[in-house]
Amino acid sequence: MHILRRLDRNKQFLILCLLLICSSTVLANAIQSNFGSIDVEYIRIVDENGMAITGKLYRPIAATDDNPAPGVLLLHGMNNDKDTEGPAALELARRGIVALAIDELSHGDSDRIVDIMGYFTGTFDSTLGGNAAYQWLKSLSFVDETQTGLVGHSMGAGTASAIAEMNPDHRAIVIQADGPYNLTTHSYMNNYLAVWSFYEELFTTQPRVQFLQDSLEMIAYNENLSSAEDAQADFTYGTFSDGSAHRYAKCPCTHPGATWNAKGISETTAWILQALSGMSETEARSLSAISTQTYMIREGATLFTLIVAFISIIPLASILLEIPYFSKIVQPIPKKVPTQGKKWWMYATINSLIGGITFLILPMVGMILGALLGAYVPIFLLVTGNGLLLWFLVNALIALIFFRVWFKKVSASEEGITDEDVGRFKTIRDPESRDILFRTILLSIVLVLFLYVLVAVSQQFLGIEVRYMWPIFKEFTPTKFGQFIVNIFPVLPFFLINGGVFTYGMIKQPESDSQIKTQMIWWIKIVFAMESTLLVLILVNYLPMFLIGTGPVLSMGLYGIFLMAYLPLFAGIFFVMTALYIKTGRIYLGGIVATLLVVWIMTAGMII
């Protein structure tokens with residue numbers, strides 16, 4: 001303690017961050033292993049096509065060669081990875097089931113599908129490596145191969161369905177998201193559970209009353225009932241012994257929420273226990289009660305790690321900026337405030353509206369164009385990520401035009417706004433500017449590399465990713481690192497223009513009487529300028545559905561779902577950018593760090 005007191009506040013703060021990160025990841029690991037009763041390990045399987053499939057195997061230590069346990073394969077949805085099915089995998093393993101959650105091909109750490117068009121046209125493995133993983137699971141000596149099942153969400157529901165059709169010996173299948181399936185079309189499914197996301201927004205846009213009616217009619221059709229009035233949700237039809245058991249669990253969740261909804265997880269574990277372990281419904285439901293679940297503690301711990309890891313960049317930057325080599329980056333914050341009052345709110349609102357309106361169109365266009373281009377010119381390989389690249393580039397172009405028109409006017413006015421006033425160099429051709437820019441790039445790499453080391457240590461030694469529900473910070477595979485380098489260039493203009501000269505120049509705000517107050521006020525107003533319309537889109541899309549039972553109001557597809565994850569992430573990134581601008585008086589450190597973080601999230605976590 002005496003040594004700590006002798007350190008300055010930045011070093012104390014960084015040490016505190018590291019201690020909190022260590023504590024939260026250790027807690028997440030303890031929950032994941034159920035305090036030692038589950039052995040969790042990363043696995044790698046090579047399929048018949050030579051493609052590597054990675055996963056996370058949860059083995060209850062009671063499952064041995066002499067006492068094999070039932071096994072379940074869990075399959076995630078698009079743009080997700082093995083840990084998206086972590087909640088169900090953990091809760092199953094805590095109840096004696098061997099659970100294997102995999103990264104389907106082109107996701108997570110698994111190999112990339114080179115023949116993208118082959119996948120879409122059906123000539124490539126429709127199970128995305130899932131069937132190879134299922135056979136591997138059944139071959140394990142501590143797994144009872146006669147008692148195995150499948151769990152799949154969204155895209156993973158399709159792969160689970162394909163695996164079930166290939167393997168008529170499966171004893172249970174759980175489909176997460178959407179409504180009840182037609183079990184005449186899917187007659188090969190044994191002991192089928194629908195984790196029915198009542199606020200489904202991807203596979204249906206119906207008003208909830210109509211969605212409910214259609215779902216009840218499907219239940220009536222499946223169960224040979226006289227009418228939908230006789231159909232019941234949350235009721236078990238048929239018997240497990242002959243594979244005819246069916247249940248339709250209506251869960252109060254959205255499409256992505258189906259993998260971590262408490263009721264959905266409870267229904268999944270209870271169903272598997274009945275189908276594979278032969279438990280009675282009463283016993284299985286008692287063991288699977290929501291009150292017994294622990295997965296949200298792990299998810300909360302990884303979220304806490306994520307937040308503190310973001311924040312830790314700030315004290316580390318402060319420490320490094322005191323080193324003579326990096327101190328050259330620092331200059332006082334420019335004093336001129338070019339835009340104030342109503343004009344500030346007008347500029348901020350226009351920027352926000354442009355971002356929101358273009359988000360309704362550009363990401364889907366970019367995804368389609370990127371997929372077609374990637375099939376023939378494999379440079380930008382991110383499928384859904386290509387949609388974001390187009391959005392970044394178009395918004396950067398619009399902001400650049402807006403800024404240049406404004407800057408030409410104000411630089412010739414009495415105020416005489418200069419390049420230095422908007423936090424940028426007039427030119428980078430002179431040696432002094434190039435030297436400062438080089439040092440800034442080097443410091444940016446050091447800061448992000450520090451975060452990468454934290455993530456790698458957490459993954460390698462504790463088996464814990466720095467994430468919350470969806471992939472965020474992960475270790476790179478060689479392919480994904482290559483994509484990281486490639487995608488820096490189309491993303492960088494957005495954070496140097498929209499998140500740079502526009503945010504900290506054109507709409508720069510006056511300093512307050514303390515640095516913390518300046519940080520918070522600037523950050524909140526920057527989030528308004530950058531994200532407010534996007535937030536309105538989410539509210540418009542979801543609130544009417546939750547409150548009055550409409551369908552999703554806006555047709556944003558996958559990107560409407562992605563927004564729910566992006567907005568808090570970007571708010572965190574803008575917080576870091578604001579702190580780095582305040583410390584350096586220039587846009588470059590924050591803009592480059594933000595670019596590296598965003599491209600890391602895109603390339604390490606998204607489908608390629």
Side-chain angles (χ1 to χ4, degrees), residues 7-18 20-21 303-304 306-322 326-327 329-341 344-345 347-348 351-352 420-424 440 443-444 446-448 450-451 494-532 535 566-598:
L7 299 176
D8 64 38
R9 285 193 175 184
N10 286 320
K11 291 176 182 175
Q12 289 177 346
F13 189 21
L14 180 60
I15 291 170
L16 175 62
C17 287
L18 292 174
L20 291 174
I21 289 169
L303 172 61
F304 183 77
L306 174 65
I307 293 170
V308 178
F310 261 124
I311 294 172
S312 68
I313 293 174
I314 299 171
L316 179 60
S318 299
I319 294 167
L320 295 177
L321 286 169
E322 293 175 359
F326 290 124
S327 65
I329 294 171
V330 178
Q331 70 169 14
I333 298 173
K335 296 300 180 184
K336 290 183 182 178
V337 181
T339 307
Q340 300 187 59
W344 188 96
W345 290 104
Y347 288 165
N351 183 73
S352 174
E420 188 176 84
D421 292 325
V422 296
R424 70 174 185 177
T440 302
L443 179 56
S444 301
V446 170
L447 294 175
V448 175
F450 159 77
L451 196 56
F494 179 87
F495 287 102
L496 292 181
I497 300 169
N498 302 66
V501 291
F502 174 79
T503 302
Y504 301 105
M506 186 172 171
I507 63 168
K508 177 181 169 292
Q509 301 155 72
E511 293 182 68
S512 299
D513 53 11
S514 72
Q515 186 170 317
I516 293 177
K517 191 175 178 181
T518 299
Q519 167 79 31
M520 297 308 297
I521 292 174
W522 284 18
W523 174 57
I524 292 168
K525 294 181 76 172
I526 288 165
V527 168
F528 170 84
M530 303 296 284
E531 298 192 20
S532 56
L535 176 60
Y566 294 157
L567 287 189
L569 277 175
F570 272 67
I573 287 169
F574 291 135
F575 187 88
V576 172
M577 289 180 71
T578 301
L580 297 181
Y581 173 78
I582 290 171
K583 291 183 182 302
T584 63
R586 293 190 178 97
I587 63 169
Y588 299 108
L589 183 60
I592 296 169
V593 167
T595 298
L596 296 179
L597 292 177
V598 168

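- Annotation for A594 and F495: closest pair CB-CD2, 3.7 Å, computed over non-hydrogen atoms.
- Not counting sequence neighbours, the partners of D421 by the side-chain hydrogen bond (donor to acceptor under 3.5 Å, both in side chains) test are T418.
- Residues passing the side-chain hydrogen bond (donor to acceptor under 3.5 Å, both in side chains) test with S352, sequence neighbours excluded: S532, T533.
- Test L443, L451, L580, V598 against V593 for side-chain contact (heavy atoms from CB on, under 4.5 Å) and you get one pass: L580.
- Taking 4.5 Å as the limit, some side-chain heavy atom of F310 sits within range of a side-chain heavy atom of I573.
- Applying the side chain to side chain contact (heavy atoms under 4.5 Å, CB included) criterion to V337, with sequence neighbours excluded, gives Q340, K508, P510.
- Between L447 atom CG and S312 atom OG the span is 9.0 Å, to the nearest 0.5 Å.
- T503 and G499 get closest at one heavy-atom pair: OG1-CA, 3.6 Å.
- Heavy atoms of other residues, nucleotides or ligands lying less than 6.0 angstrom from CD of E322 number more than 12.
- For F304, there are no ring pair (Phe, Tyr, Trp, His ring centres under 6.0 Å) partners at least two apart in sequence or on another chain.
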- Message: Could you go through F13 and I314, starting from their C-alpha distance and side-chain angles, then the distance that decides it, and tell me whether this counts as side-chain contact (heavy atoms from CB on, under 4.5 Å)?
- Response: CA-CA 9 Å; F13 189 21; I314 299 171; 5.5 Å; no
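- Here the CG-CD1 distance, from N10 to I15, works out to 11.0 Å after rounding to the nearest 0.5 Å.
- Under the rule for a ring pair (Phe, Tyr, Trp, His ring centres under 6.0 Å), W344 has no partner lying at least two apart in sequence or in another chain.
- The CD1 atom of I587 sits 8.5 Å away from atom CD1 of I497, with the distance rounded to the nearest 0.5 Å.
- Checked against ring pair (Phe, Tyr, Trp, His ring centres under 6.0 Å), Y566 has the following partners two or more places apart in sequence or in another chain: F562.
- Heavy-atom minimum distance, C17 versus V308: O-CG1, 3.6 Å.
- Counting only residues at least two apart or on different chains, the side-chain hydrogen bond (donor to acceptor under 3.5 Å, both in side chains) pairs with a member in residues 571-596 are S318-K583, Q331-R586, Y504-T578.
- Checking side-chain atoms of W523 against main-chain N and O of A579 turns up no donor-acceptor pair under 3.5 Å.
- For F450, there are no ring pair (Phe, Tyr, Trp, His ring centres under 6.0 Å) partners at least two apart in sequence or on another chain.
- Remark: E420 pairs with no residue by the salt bridge (charged side-chain N to carboxylate O under 4.0 Å, His left out) rule, at least two apart or across chains.
- Of the inter-residue distances, the one linking R424 atom CZ with L496 atom CG reads 11.0 Å to the nearest 0.5 angstrom.
- Looking at residues two or more places apart in sequence or on another chain, you find a side chain to side chain contact (heavy atoms under 4.5 Å, CB included) between N351 and N498, F502, M530.
- Atom CG in L321 sits 9.0 Å away from atom CG in L316 (nearest 0.5 Å).
- Here M520 contributes atom CE and I524 contributes atom CD1; the two are 5.0 Å apart, rounded to the nearest 0.5 Å.
- In this structure K517 satisfies the salt bridge (charged side-chain N to carboxylate O under 4.0 Å, His left out) test with no other residue, sequence neighbours excluded.
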- Message: For a side-chain contact (heavy atoms from CB on, under 4.5 Å) check, start with the C-alpha distance between V422 and M506, then their side-chain angles and the critical distance, and finish with the verdict.
- Response: CA-CA 7 Å; V422 296; M506 186 172 171; 5.9 Å; no
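- Under the side chain to side chain contact (heavy atoms under 4.5 Å, CB included) criterion, E511 pairs with I333, K335, T518, W522, sequence neighbours left out.
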